[in-house]
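What follows is a single structure, written as structure tokens, with notes after it.
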Amino acid sequence: MNGRFITLEGIEGVGKSTNLRFVADLLQDRGHEVMVTREPGGTPLAERVRDILLDHADEPVPPLAELLLMFAGRAIHLENQIRPALEQGCWVVCDRFTDATYAYQGGGRGQSAERIGELERWVQREFRPDLTLLLDADPAVGLGRVGRRGESDRFEIERRDFFSRVRETYLDRARAEPSRMRVIDASLPLEAVQAEIRTEINKVL
Ligand code: Z5A
């Protein structure tokens with residue numbers, strides 16, 4: 001692969017969408033071609049999987065089905081969009097990837113890390129992000145920032161303790177893989193967050 005794969009992670013409202021464009025601009029300023037994308041979703045077909053995952057269904061979504069749908073969407077996204085872009089030398093910046101599955105379906109919903117790891121190896125083989133920026137803040141900060149948006153999706157209705165488990169799983173992963181996963185204090189004002197992000201991106205560049 002000629003391009004690099006950079007992901008942004010963190011609980012809801014920590015600023016992933018806000019900083020996705022910032023990261024893309026930093027890379028473009030250095031002359032790289034950049035593709036910005038997201039999970040779940042990223043291609044028209046994978047966005048349809050996203051709709052299934054986020055919408056309130058008339059029947060419960062079993063945690064195992066949720067996990068399999070996450071990886072189904074990822075398989076589509078990876079083969080149809082991410083790999084081809086990287087092979088053409090494009091840098092890909094993605095709002096969430098498999099760390100979110102460990103955090104939400106693992107830490108949040110209780111699916112085992114072993115099971116998630118098996119699916120990860122099956123769908124991705126050796127493919128992993130080159131760099132992951134974990135925007136970290138207490139759930140009260142993130143949820144407070146997004147509190148007044150429209151109707152909540154199937155994840156946003158979860159309680160504070162769900163997001164605390166998600167956050168702890170993210171932090172455990174960052175401790176286990178410190179060179180790939182860099183923790184950014186997302187509770188700081190945006191200018192300070194972006195200064196930290198710039199430092200991490202400059203290291204990769
Ligand atoms: N999910 C999963 O379960 N498993 C998986 O494998 C994957 C995903 C891939 C959809 O994700 C759901 O999918 C997600 C987990 C699940 N559900 N949840 N929760 P998503 O990424 O589409 O949804 P999200 O995390 O809810 O995105 P978000 O709410 O838009 O959060 P954000 O992108 O991190 O925040 P933002 O929109 O950039 O910023 C929120 C507000 O804060 C906005 O008004 C900003 O202007 C403001 N902001 C941002 N930074 C700052 C700072 N530093 N200071 C002050 N204000 C700030």
Side-chain angles (χ1 to χ4, degrees), residues 5 7-24 36-43 46-47 49-56 61-78 81-82 93-111 113 115-117 119-120 123-124 128-129 132-167 169-170 173 184-198:
F5 183 50
T7 59
L8 271 75
E9 296 281 1
I11 59 167
E12 192 189 3
V14 288
K16 298 177 300 299
S17 312
T18 306
N19 289 303
L20 202 68
R21 193 65 252 167
F22 177 73
V23 170
V36 169
T37 187
R38 70 171 181 182
E39 288 214 349
T43 77
E47 288 287 328
V49 178
R50 177 188 175 93
D51 289 342
I52 296 172
L53 279 160
L54 299 194
D55 284 354
H56 296 278
V61 181
L64 177 59
E66 183 179 281
L67 174 64
L68 293 170
L69 283 166
M70 285 296 172
F71 274 106
R74 184 159 299 136
I76 296 166
H77 190 202
L78 194 52
Q81 193 178 59
I82 297 175
V93 186
C94 191
D95 189 340
R96 298 188 183 279
F97 196 63
T98 305
D99 291 300
T101 311
Y102 282 97
Y104 282 79
Q105 281 63 54
R109 302 273 197 235
Q111 294 290 299
R115 174 174 273 177
I116 297 170
L119 289 166
E120 181 182 36
V123 170
Q124 299 171 214
R128 301 288 182 277
T132 297
L133 300 173
L134 172 57
L135 299 176
D136 175 63
D138 188 278
V141 173
L143 299 179
R145 285 182 190 159
V146 296
R148 284 165 297 283
R149 287 196 301 208
E151 200 191 335
S152 299
D153 67 35
R154 231 171 37 75
F155 291 94
E156 290 167 345
I157 57 168
E158 289 295 337
R159 297 160 62 94
R160 185 74 58 84
D161 61 326
F162 174 89
F163 291 106
S164 296
R165 294 198 302 277
V166 170
R167 181 192 187 197
T169 308
Y170 270 133
R173 292 185 63 72
I184 309 282
D185 183 352
S187 64
L188 297 172
L190 187 57
E191 303 71 49
V193 170
Q194 294 190 331
E196 278 195 50
I197 290 176
R198 182 183 287 109

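All values derive from a computational prediction rather than experimental measurement. Just follow the structure's listing: the first ligand is 1, and inside any ligand the first atom is 1.
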Derivation and outcome, side-chain contact (heavy atoms from CB on, under 4.5 Å), residues Glu66 and Gln111
CA-CA 10 Å; Glu66 183 179 281; Gln111 294 290 299; over 6 Å; no
Minimum-distance protein heavy atom relative to atom 30 (O) of ligand 1
Arg149 NH1, 3.2 Å
Please check this pair: side chain of Glu47 against backbone of Gly42, looking for a donor-acceptor N/O pair closer than 3.5 Å.
yes
Proximity flag Gly10 to ligand 1, non-hydrogen atoms under 4.0 Å:
no
Residues that Phe5 engages under ring-ring contact (aromatic ring centres under 6.0 Å, His included), provided they are two or more places apart:
Phe97, Phe127
Taking non-hydrogen atoms only, is Met70 closer than 4.0 angstrom to ligand 1 via side chain, backbone, both or neither?
side chain
With atoms numbered from 1 as shown, which atoms in ligand 1 lie under 4.0 angstrom from a non-hydrogen atom of Glu39?
9 (C)
Does the side chain of Arg173 pick up a donor-acceptor pair with the side chain of Thr132 at under 3.5 Å?
no
Does any N or O atom in Asp153 lie less than 3.5 angstrom from one in ligand 1, N or O only?
no
State whether the shortest distance between N or O atoms of Arg96 and N or O atoms of ligand 1 falls below 3.5 angstrom.
yes
Sort and list the pairs that fulfil side-chain hydrogen bond (donor to acceptor under 3.5 Å, both in side chains) and have at least one residue in residues 188-197, not counting sequence neighbours.
Asn19-Gln194
Name the option, out of Val146, Thr18, Asn19, that contains the heavy atom nearest to atom 49 (C) of ligand 1.
Thr18
Per-residue contact class, Arg21 against ligand 1 - non-hydrogen pairs under 4.0 Å:
neither
So if I apply the side-chain contact (heavy atoms from CB on, under 4.5 Å) rule between Met70 and each of Val49, Leu119, Leu53, which one comes out positive?
Leu53
Distance under 6.0 Å and angle within 45° of the ring axis: does Arg74 meet both against Phe71?
yes
Could you tell me whether Pro40 approaches ligand 1 through its side chain, its backbone, both or neither, with non-hydrogen atoms closer than 4.0 Å?
both
May I ask you to list the atoms of ligand 1 that are less than 4.0 angstrom from any heavy atom of Thr101?
5 (C), 6 (O)
Which is closest to atom 52 (C) of ligand 1 in terms of heavy atoms, Glu156, Arg38, Arg145?
Arg145
Can you sort out which atoms of ligand 1 are near Leu188, meaning under 4.0 Å from one of its heavy atoms?
52 (C), 53 (N), 54 (N)
Can you find a protein heavy atom closer to atom 44 (O) of ligand 1 than 4.0 Å?
no
Please work out, at 4.0 Å between heavy atoms, whether the side chain, the backbone, both, or neither of Arg74 comes within that distance of ligand 1.
side chain
